[in-house]
Structure formats: structure tokens, C-alpha cells
Amino acid sequence: MTAQFGPSYVRAIAPYVAGKPISEVAREFGLDEANIVKLASNENPLGMPESAKRAIAQAASELGRYPDSNAFELKAALAERYDVPAEWITLGNGSNDILEIAAHAFVEKNQAIIYSQYSFAVYALATQGLGARAIIVPAVKYGHDLDAMLVAITPDTRLIFVANPNNPTGTFIDGPSLEAFLDRVPRDIVVVLDEAYTEYLAPEKRYDSIAWVRRYPNLLVSRTFSKAYGLAGLRVGFAIAQPELTDLLNRLRQPFNVNTLAQAAAIAALNDEAFLENSAELNAQGYRLLTDAFDRLGLEYVASDGNFVLVRVGNENDAGNRVNVELLRQGVIVRPVGNYGLPQWLRVTIGLPAENAAFLAALEKSLATASA
Ligand code: PMP
């Protein structure tokens, strides 16, 4: 008999499914990498800001040394931007790292974590990795049902994950609803408010979650430099919370979890307001283009406030995978979401105008192939 390693709750984990890399699709389908369009990982289609590239070039000469473990300058820049003490900030190797650390810091094996159906896959992974119990609350219109999430609270619940906007659905909870929710969550339960896409929100939808952090000692706001700031490959995210929470995060955080180049680039990107504005504007235009086309093609989609759209590409059970393969053949990489329980849907990241056009052309062909 072969040995079985590790706890059963670890063996039960289905690994995270990432967007396919361009090089892999080129190899698999015999395509030229230059002609492949990747709209699969909610990256900023503008790439990294020039300001960040310059900062990286400057910081490169310091790579023989360890990074500043406490990231003094980046924390100072964030503290100033959000008007909070630097002690309220914890940096992560991407905001994924923050989500994982938070689960480990606040929850014990066999205690419960609440999150919504169709919410970001890492909440399930973080929960399972601990051997904690997941309470998955059914979604309403593909988004969070905050009232039901409150009702779902049990005596052993220690953490609630809320994604706003949510990935992969793009659904959004308005500020007043979130605030009313926070008011009703018992103070001994940590709420992790994951705002990975918050920089894409239209001005009239924005709300001040940092003001809530000052009021609610059980609130942790998670943000990232991977999306609108264009630094996904560098891996920088951060949490803002009161010291009672950050103190615990810091005990578990790996000492050098954000590298030297990432720290330098994040400071530059944080101060590059023009880049952020361009990114949001380009995203809004791309969203209109894609959703107009979906309307024209008669495809159902979920209204999104992120930099991606979830679209239903067929009625048969495996429509998402089937259309996905047709798209890959044409060199377009999007994200099938069968692993989220959405096998008829694809999630497409909003790209540059030419990328969106290439995706739509390929999609129309794929749909025609399917119905032929
Ligand atoms: N939260 C949400 C809702 C996301 O969609 C993502 C990226 N897929 C993350 C967190 C993590 O991103 P990162 O680790 O790059 O900050």
C-alpha cells in the first residue's frame, strides 16, 4: 500500500486554476506567441506603468541584499495616501498572501469561515488549507447576499470574506449596504473586505472603506497592485486594519514577503495617478464595447464593476469549455469558470481595443461553429 501523506483536508483541496500562459497555448495549438491575445487573468492590458519600470531599473542594483522586511518607504507612502498610521498596514506577496495570512491568523482548524457562492476561489482554498469549515452562502443574482451571510453566522464563525467587486462575477455591493452589514457583524468576527478591483469603480460608486477601518476594529480591507496598478507579476498587496489585527498578521507574515523591486515599483505606481485614470477610462470603454456586442449577439452577461465580464456562451452543460477550446484554437485565452460552478460561462478580461475586437471576432466564429 502506498503511503498517504498530509491531512485529509489538504488532500481534498482542488488546486487553484490559473489563466493559461501565452507560451503554453502557443505550444499546444501551434500558434505564434505574438498573435495570441490573453484576457484570462484580469491583468491591466496597459502592462506596467513607465514610472514603475524606471523605479525597478534604479532598485536593481540593490538586489544583492535582502529587501526591507518592514517596507518602510512603501508603508509610509500608503499611510500617507490613506491617512492611517503605518502600523495599520500589512504587506503581502500579492493580496492572495494577505487572504491566506488572515485565515491563518484569525481562524483555528474546525472553526468556520463564511463566504458567498461564486466568490473568489482563494477563500475556499484558504479555508480548506486550515482544515476550517466553509459556510458557503447561496448567491443572489450572482452576487453576495449580505443578509443571508449574517443569518449564516454560527457561534464558531471567526471570519467572513466579502469581495467587492467580486471575481469572477463582477458584482458590486454599494457602500451603504456594506456599512449596514458591518454594523451588524458581531465584533469578534473578522470581516475581510477584498477590494482588489476598487480602483475601477465609477466615481459615483466609490465609498470610503478606510473610514470604516477606523470605526470597526474587526474590519480588514485588502487591496492589490496587481490590477489597475499594472504590477501583477511583481506580487504586491496590502491590508489596512487596526493594530489588534495587523499585529497578528505580522506574526505570521514571512519576513521578506515583498521583494525589493516590488516595493520600489509599488511606490512609483501609487503616485502615478495619470496611469490609474487612463486604466479606468480604457476599462470603461472596453466594457461598453464588450457588453454592446454581447447584447447584439443575444448573450447573457453579468453587469460588472471590475476589469472583466462574465458571459454565458451557451445553454448546454459544458458550453464554457467547448467555446473556450474554440477560442484557444484562434489564439484567444479567456477563463472558463466551471470550477466556480458556472460551466456555461466564460470570464473575459477587458483588454486593449484591438484585443477586445480580436476576442469578439473569435467568439462570433466559435459560436457559429458550435451551432453548425
Ligand atoms: N482578490 C480578488 C477578488 C481577485 O480577483 C484576485 C486576483 N485574481 C486577488 C484577490 C488576488 O490578486 P493578487 O494576489 O494578485 O493581489
Side-chain angles (χ1 to χ4, degrees), residues 15-21 38-45 47-48 52 71 74 78 89-103 113 115-127 129 139 142-144 159-173 178 191-201 209 220-240 249 253-254 257-259 261-263 265-266 269-270 279 283 302 304-310 333-337 339-340 342 346-350:
Y16 183 80
V17 185
K20 268 179 180 288
K38 184 181 175 208
L39 301 172
S41 300
N42 299 345
E43 295 143 339
N44 188 327
M48 180 160 63
L74 175 54
L78 287 166
I89 296 165
T90 310
L91 293 174
N93 191 257
S95 58
N96 253 320
D97 194 24
I98 296 290
L99 304 173
E100 283 280 348
I101 298 172
I113 296 181
Y115 51 87
S116 175
Q117 181 188 24
Y118 307 139
S119 63
F120 184 43
V122 165
Y123 310 153
L125 290 174
T127 305
Y142 302 99
H144 292 61
L159 193 153
I160 306 177
F161 282 115
V162 175
N164 202 40
N166 181 46
N167 170 24
T169 60
T171 50
F172 174 72
I173 309 160
L178 262 179
V191 176
V192 172
L193 178 57
D194 176 356
E195 297 183 332
Y197 301 95
T198 201
E199 294 83 7
Y200 287 109
L201 289 179
S209 54
L220 181 159
V221 168
S222 170
R223 301 267 180 101
T224 185
F225 282 93
S226 297
K227 310 299 178 183
Y229 287 105
L231 302 183
L234 283 169
R235 316 302 300 126
V236 198
F238 60 98
I240 302 184
L249 297 175
R253 181 181 69 82
Q254 286 186 29
N257 63 341
V258 180
N259 71 69
L261 301 184
Q263 292 184 28
L270 186 66
S279 302
N283 190 62
V302 180
S304 172
D305 286 286
N307 65 342
F308 54 89
V309 191
L310 190 66
I333 317 175
V334 298
R335 186 73 73 93
V337 281
N339 58 326
Y340 278 95
L342 295 163
L346 291 174
R347 189 197 69 190
V348 56
T349 302
I350 298 166

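Counting starts at 1 for both ligands and their atoms, following the listed order. Side chains are part of it too, since the values below use all heavy atoms of this structure and drop only hydrogens, waters and symmetry mates.
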Under a 4.0 angstrom heavy-atom cut-off, which atoms of ligand 1 come close to [X]?
| X | answer |
| --- | --- |
| Gly94 | 14 (O), 16 (O) |
| Asn167 | 3 (C), 4 (C), 5 (O), 8 (N) |
| Arg235 | 13 (P), 14 (O), 15 (O) |
| Tyr197 | 3 (C), 4 (C), 5 (O), 7 (C), 8 (N) |

Identity and separation of the nearest protein heavy atom to [atom]:
| atom | value |
| --- | --- |
| atom 1 (N) of ligand 1 | Asp194 OD2, 2.6 Å |
| atom 7 (C) of ligand 1 | Lys227 NZ, 3.0 Å |
| atom 15 (O) of ligand 1 | Ser226 OG, 2.6 Å |

If you measure from each non-hydrogen atom of [X] to ligand 1, which part falls under 4.0 Å: side chain, backbone, both or neither?
| X | value |
| --- | --- |
| Asn96 | both |
| Ser95 | both |
| Phe225 | neither |

Report yes if [X] has an N/O atom closer than 3.5 Å to an N/O atom of ligand 1; otherwise report no.
| X | result |
| --- | --- |
| Thr224 | yes |
| Tyr123 | no |
| Asn93 | no |

[X] [atom1] to [Y] [atom2] distance, which is reported to the nearest 0.5 Å:
| X | Y | atom1 | atom2 | value |
| --- | --- | --- | --- | --- |
| Arg335 | Lys38 | CZ | NZ | 7.5 Å |
| Arg223 | Leu78 | CZ | CG | 10.0 Å |
| Tyr200 | Ser304 | OH | OG | 10.5 Å |

Self-check item: Side-chain touch His144/Asn166, heavy atoms, less than 4.5 angstrom
Solution: yes
Quiz item: Is the closest side-chain heavy-atom distance between Tyr115 and Thr127 below 4.5 Å?
Solution: yes
Quiz item: Counting only N and O atoms by type, is there a donor-acceptor contact under 3.5 Å from the side chain of Asn93 to the main-chain atoms of Asn257?
Solution: yes
Practice problem: Evaluate the ring planes of Tyr123 and Phe120, with Trp represented by its six-membered ring, and classify them as parallel (under 30°), tilted (30 to 60°) or perpendicular (over 60°). | Solution: perpendicular
Exercise. Give the intermediate values and the outcome of side-chain hydrogen bond (donor to acceptor under 3.5 Å, both in side chains) for residues Glu199 and Ser279.
Key: CA-CA 9 Å; Glu199 294 83 7; Ser279 302; over 6 Å; no
Quiz prompt | Centroid-centroid under 6.0 Å between Tyr197 and Phe308 rings | solution = yes
Self-check item: Heavy-atom nearest option to atom 9 (C) of ligand 1, drawn from Tyr229, Phe120, Phe238, Tyr16
Solution: Phe120
